[in-house]
Structures are given as structure tokens and as C-alpha cells.
Amino acid sequence: MMNKIEHIGIAVKDIEKSNELFASLFGEKHYKIEDVLSEGVKTSFFQIGPNKIELLEASNPNSPISKFIEKKGEGIHHIAFSVTNINKEIDRLKKEGFTILNETPKKGADNKLVSFLHPKSTNGVLIELCQEIVEKDKVNEVL
Ligand code: ZN
């Protein structure tokens, strides 16, 4: 079961410029910038009331964000849903017939364990599952 939309991810070419653009749009600056080396992305996060927006810039030409922008241009890249137990949710979705891109959750941005569903099994929408990492030592337990 999914709890709520955790954030919406937007692919951008230049995160510095986009941080300024979205800060004027939201009337609020981003609250964090984070490099996710494993994914080849630089991210920033905005909080708008209970909702979050993540901007993603490719940090290398092989990054999934470079490929996305090449194909589709800048824009909405994924929708992330928070889940209480990511492994249980992955099992449930596999049984439902969805294609999971990484069946072993990995450490994503903003202190989360994340896993993605292939857009071909979700009407073209890249879905991210994320589970908050509560304590550092819990990571091994979950994995
Ligand atoms: Zn995300």
C-alpha cells in the first residue's frame, strides 16, 4: 500500500537556473541540494506546504536524466510515493505484474531507500517508491 505522494521529480538542464526559477514560482528557496553519485544526478528539494518537488540535473552524460532530456526535453520525470515497507511493496507489485527496475532498494536522495517501476508497466509514468530511513543502522536491517 502506498501512503501518499512523497514528491514529484522534474528533470532540468541547469539546476542553478531552475532553483532560481522555482524559488520565484514557489516564493520559497530550495531547502537542500544533494548529489546522488550512484544515479549520476544532482538534486534539489523544495517544500510547498505538505508537498515536495525534486529538481534533477544530470551530473554526467550517461545519467538517466541526460537520456530523459535528450528524448523528451525538460519536464516531469517521476512521481514518488512513500511506503512504509519498501520490500513488502516491491513483492506486492511484482505479484501484480509490474516491472521493478531495481528489486533491491538503493539509497536515494533525501534520506530514502528507493526503488523504481519501469514506465512501460505504468502507462509511461516512472514511479519511485521511497521509504524514509529512520536511523542509519536500520539500513542494513531493511536491505
Ligand atoms: Zn525522486
Side-chain angles (χ1 to χ4, degrees), residues 1-94 96 98-136 138-143:
M1 199 186 80
M2 300 190 190
N3 301 326
K4 60 165 191 165
I5 291 180
E6 215 289 324
H7 62 268
I8 293 174
I10 299 174
V12 302
K13 285 182 185 163
D14 182 334
I15 203 162
E16 304 294 331
K17 279 190 188 157
S18 298
N19 278 338
E20 283 176 30
L21 175 77
F22 282 88
S24 16
L25 179 70
F26 300 141
E28 185 107 33
K29 273 184 63 132
H30 60 277
Y31 68 89
K32 77 153 77 168
I33 286 193
E34 194 178 339
D35 277 305
V36 186
L37 295 176
S38 57
E39 292 292 297
V41 296
K42 188 173 184 181
T43 67
S44 66
F45 282 87
F46 291 81
Q47 182 86 46
I48 307 112
N51 305 120
K52 285 196 244 171
I53 298 291
E54 173 185 34
L55 302 184
L56 304 114
E57 178 197 75
S59 43
N60 68 63
N62 296 321
S63 161
I65 297 300
S66 311
K67 288 171 189 157
F68 178 87
I69 288 178
E70 250 168 54
K71 270 194 210 158
K72 301 189 174 176
E74 293 178 298
I76 293 182
H77 177 257
H78 65 270
I79 301 178
F81 292 89
S82 76
V83 297
T84 313
N85 183 325
I86 196 165
N87 287 310
K88 256 194 197 161
E89 198 56 18
I90 289 169
D91 282 348
R92 184 183 73 83
L93 293 168
K94 264 168 62 181
E96 293 287 353
F98 292 97
T99 309
I100 317 291
L101 285 169
N102 59 302
E103 290 188 16
T104 306
K106 51 193 175 183
K107 176 117 176 36
D110 205 25
N111 198 39
K112 302 279 193 295
L113 280 175
V114 303
S115 189
F116 289 89
L117 306 196
H118 198 291
K120 78 178 179 202
S121 65
T122 50
N123 283 175
V125 181
L126 178 62
I127 304 283
E128 176 184 357
L129 305 176
C130 47
Q131 177 188 328
E132 183 93 37
I133 300 172
V134 185
E135 297 156 39
K136 272 219 161 131
K138 272 200 170 168
V139 174
N140 292 328
E141 222 174 88
V142 173
L143 295 177

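As the structure lists them, so they are numbered: ligands from 1, and atoms in each ligand from 1.
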*Asks:* Using salt bridge (Lys or Arg N to Asp or Glu O under 4.0 Å), reason through Lys112 and Glu132 one step at a time and then give a plain yes or no.
*Replies:* CA-CA 5 Å; Lys112 302 279 193 295; Glu132 183 93 37; 3.3 Å; yes
*Asks:* Mind checking whether Phe46 and Phe22 have parallel, tilted or perpendicular rings, split at 30° and 60°?
*Replies:* tilted
*Asks:* If the cut-off is 2.8 Å, does any N/O/S atom of His77 fall short of it from the Zn ion (ligand 1)?
*Replies:* no
*Asks:* Is there a side chain to side chain contact (heavy atoms under 4.5 Å, CB included) between Phe26 and Ile53 once you walk through the steps?
*Replies:* CA-CA 10 Å; Phe26 300 141; Ile53 298 291; 3.8 Å; yes
*Asks:* Over 60° means perpendicular and under 30° means parallel, so classify the ring planes of His7 and Phe45, tilted if in between.
*Replies:* perpendicular
*Asks:* Of all the atoms in Cys130, is at least one N, O or S atom closer to the Zn ion (ligand 1) than 2.8 Å?
*Replies:* no
*Asks:* For N/O/S atoms only: which one belongs to Glu54 and is nearest the Zn ion (ligand 1)?
*Replies:* OE1
*Asks:* So, are Glu57 and Lys17 salt-bridged, with charged N and O less than 4.0 Å apart?
*Replies:* no
*Asks:* Counting backbone and side chain alike, does Glu128 bring an N/O/S atom below 2.8 Å of the Zn ion (ligand 1)?
*Replies:* yes
*Asks:* With the Zn ion (ligand 1) at the center, what angle do NE2 from His7 and NE2 from His78 span, rounded to 10 degrees?
*Replies:*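 Roughly 110°, rounded to 10°.
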